[in-house]
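Heads up: the structure comes next, in structure tokens.
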Amino acid sequence: MATRKNSTDDPLAPLTLAVGQEDLLLDRAVQQVVAAARASDADTDVRDLASDQLHPGTLAELTSPSLFAERKVVIVRNAHDLAADTIKDVKSYLDAPAEEITLVLLHAGGVKGKGLLDAARKAGAREVACPKTTKPAERLSFVRSEFRALGRSATPEAGQALVDSIGSDLRELAAAVSQLVADVEGTIDESVVARYYTGRAEASSFTVADRAVEGRAAEALEALRWSLSTGVAPVLITSALAQGVRAIGKLSSARGGRPADLARELGMPPWKIDRVRQQMRGWTPDGVALAIRAIAEADAGVKGGGDDPEYALEKAVVAVARAARDT
């Protein structure tokens with residue numbers, strides 16, 4: 001979970017600095033501020049800007065006093081990419097922040113744009129750490145914290161089984177925890193995880209992904225329709241497709257070696273190395289790129305960017321299966 005580095009724990013502090021490269025935690029840091037602002041004032045004006053949308057003078061315009069003294073949240077993503085002149089504007093604003101306005105800066109935390117990072121910290125920013133989880137133990141800790149945050153208990157074996165089954169993507173792990181909490185009563189144990197993610201093939205998003213990356217379009221579509229009919233969230237299916245294609249891309253570019261060695265290098269359980277090796281037949285680098293683009297389009301479609309999430313998923317499944325045969 002995102003952790004705060006200073007003693008300020010008020011989401012409505014004048015400045016929140018979210019530092020790191022984990023997209024899920026960055027998004028949650030933003031959502032927390034927006035939720036707090038709207039709880040204080042339902043009419044809060046939220047402006048969410050990419051770094052290339054903030055030009056010299058833009059921040060001054062956004063933070064100028066309002067006739068109605070409305071609350072405002074200004075979010076700047078990839079603040080480390082801001083142009084030098086715009087950084088000067090931001091630093092100047094930090095010296096005298098406006099009342100009723102919360103500025104949220106999302107910064108990768110590296111050397112690039114470090115001057116702005118230092119200035120924000122010097123100004124007393126409320127800081128939220130959003131680091132990438134690179135170790136299995138960190139992912140396991142994340143899963144445990146997700147269960148706690150939802151007020152549910154899970155055995156240590158269940159947490160480990162979930163990490164082994166889902167992999168390293170925090171969004172996928174969070175979605176899986178949410179599904180288990182919504183569907184299962186009482187303590188969640190290893191048998192529950194196995195039933196959902198290894199022993200319930202007909203309703204598993206991972207079955208859809210496995211059949212698609214193997215080039216078996218008809219079977220993948222059948223599994224997709226059954227999954228949707230049994231209540232599997234569309235976002236879990238796009239996540240599983242993305243994980244399956246990324247695994248093929250990672251393994252195809254990795255050096256040869258024993259499954260255990262590759263598992264450590266790629267962050268996959270050893271059993272998955274063997275399975276992905278079998279699924280790799282027929283894949284090319286161009287095929288991987290095409291599949292990833294198709295999945296990204298489907299992901300946007302199921303998250304509100306399209307009118308028919310099921311059609312978006314079907315298109316993605318067919319595209320992935322075709323890419324698997326693009327030899």
Side-chain angles (χ1 to χ4, degrees), residues 1 22 24-25 28 132-214 219-220 223-248 250-251 259-260 262-264 266-276 278-279 295 299 302 313:
M1 294 288 289
E22 179 50 65
L24 174 64
L25 300 185
R28 286 183 173 181
K132 278 284 188 185
T133 56
T134 58
K135 299 177 181 178
E138 293 171 343
R139 293 189 282 273
L140 182 57
S141 177
F142 172 80
V143 166
R144 289 171 177 166
S145 68
E146 288 292 288
F147 279 118
R148 285 197 300 271
L150 293 173
R152 294 294 296 278
S153 60
T155 66
E157 293 79 12
Q160 186 62 60
L162 201 57
V163 171
D164 289 344
S165 298
I166 303 297
S168 60
D169 191 300
L170 292 198
R171 287 190 188 278
E172 295 171 12
L173 287 168
V177 170
S178 295
Q179 182 184 21
L180 290 171
V181 167
D183 291 357
V184 179
E185 296 182 357
T187 299
I188 294 166
D189 59 22
E190 188 176 11
S191 66
V192 171
V193 176
R195 187 166 71 249
Y196 269 72
Y197 295 103
T198 58
R200 191 174 162 185
E202 72 277 12
S204 170
S205 55
F206 294 102
T207 299
V208 179
D210 285 342
R211 299 297 84 79
V213 300
E214 291 162 3
E219 293 177 44
L224 170 64
R225 290 164 190 147
W226 186 267
S227 295
L228 293 173
S229 72
T230 54
V232 175
V235 68
L236 288 180
I237 297 172
T238 55
S239 293
L241 285 168
Q243 183 178 337
V245 174
R246 283 199 303 265
I248 287 170
K250 285 181 180 180
L251 191 55
L262 286 171
R264 285 191 294 272
L266 302 178
M268 300 180 191
W271 60 264
K272 190 171 183 179
I273 297 292
D274 292 331
R275 188 175 71 185
V276 175
Q278 295 174 354
Q279 294 172 334
I295 294 166
D299 191 55
V302 303
L313 285 170

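For the atom pair CZ (R144) and OG1 (T155), the distance works out to 9.5 Å, reported to the nearest 0.5 Å.
Put simply, the side chain of R225 never gets that close to the backbone of A220: no donor and acceptor are under 3.5 Å apart. Remark: side-chain polar atoms of S178 are paired, donor with acceptor, to backbone N or O of A174 under 3.5 angstrom. At distances below 3.5 Å, not a single donor-acceptor pair connects side-chain atoms of D299 with backbone N or O atoms of V302. Under the 3.5 Å distance criterion, the side-chain polar atoms of R152 are matched with a main-chain donor or acceptor of V181.
Listed here is the closest heavy atom pair of A158 and I188: CB-O, 3.4 Å. Taking both residues in full, the closest heavy atoms of V213 and G244 are given as CG1-C, 4.1 Å, listed atom of the first, atom of the second, then distance. Between R139 and T133, the closest heavy-atom pair is NH1-O, 3.5 Å. Nearest heavy atom pair, residue S227 against residue V208, reads OG-CG2, 3.7 Å. Between A212 and L241, the shortest heavy-atom distance links the atoms CB-CD2, 3.9 Å. In terms of heavy-atom proximity, A209 sits nearest to A240 at CB-O, 3.4 Å.
A salt bridge between E138 and K135 is absent, with no side-chain N of the basic residue lying under 4.0 Å from a carboxylate O of the acidic one. Look at R246 and E172 and you find a salt bridge, because one of the NZ, NE, NH1 or NH2 atoms lies within 4.0 Å of a carboxylate O, short of that distance. Note on E146 versus R28: salt bridge recorded, some NZ/NE/NH1/NH2 to OD/OE distance being below 4.0 Å.
Listed by chain and residue number, D27 satisfy the salt bridge (Lys or Arg N to Asp or Glu O under 4.0 Å) test with R171 (two or more places apart in sequence, or in another chain).
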Test L180 against L162 for side-chain contact (heavy atoms from CB on, under 4.5 Å), laying out the working first. CA-CA 10 Å; L180 290 171; L162 201 57; 4.0 Å; yes

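Between the side chains of D210 and Q279, a donor-acceptor pair is found at a separation under 3.5 Å.
In this structure, the side chains of P234 and L228 come closer than 4.5 Å at one or more pairs of heavy atoms. You'll find the side chain of Q160 reaches within 4.5 Å of the side chain of L140, heavy atoms only.
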